[in-house]
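These numbers come from a predicted model, not from an experiment. We're numbering straight along the sequence, starting at 1.
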Amino acid sequence: MSDPTTADRPQHFVFALVEDFSHMAFSCAVGPLRIANLISGRDLYTWSFASLDGETVTRVLSDKLEHP
């Protein structure tokens, strides 16, 4: 049986972004989480981004994506 205090908390994902990552793959990973939150009316899922070395990551189209 689940602990009720943890069952109500959103499930958190950390996406490890690598150099020249695909924006399509990125969108396919995050999009369903956003839609699930929208449909449910609450945060079922949360997410954050990280690079492997803590630096800014460039996606395939050379856009920079910085993490906090």
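- With sequence neighbours excluded, the residues satisfying side-chain hydrogen bond (donor to acceptor under 3.5 Å, both in side chains) with Ser48 are His12.
- Taking the centre of each ring, Phe49 and Phe26 come in below the 6.0 Å mark.
- One hydrophobic cluster, built from ILVMFWY side chains closer than 4.5 Å, holds both Leu17 and Leu52.
- Partners of Ile35 according to the side chain to side chain contact (heavy atoms under 4.5 Å, CB included) rule, which considers only residues two or more places apart in sequence or in another chain, are Ile39.
- Residue Val30 forms a side-chain contact (heavy atoms from CB on, under 4.5 Å) with just one option from Phe13, Tyr45, Phe15, and that option is Phe15.
- Between the side chain of Asn37 and the backbone N or O of Asp43, no donor-acceptor pair lies under 3.5 Å.
- With Ser51 contributing its side chain and Glu55 its backbone, the two residues share a donor-acceptor pair below 3.5 Å.
- Atom CG of Leu38 is separated from atom CG of Leu33 by 12.5 Å, given to the nearest 0.5 angstrom.
- In terms of heavy atoms, Cys28 sits closest to Pro32 at O-CD, 3.1 Å.
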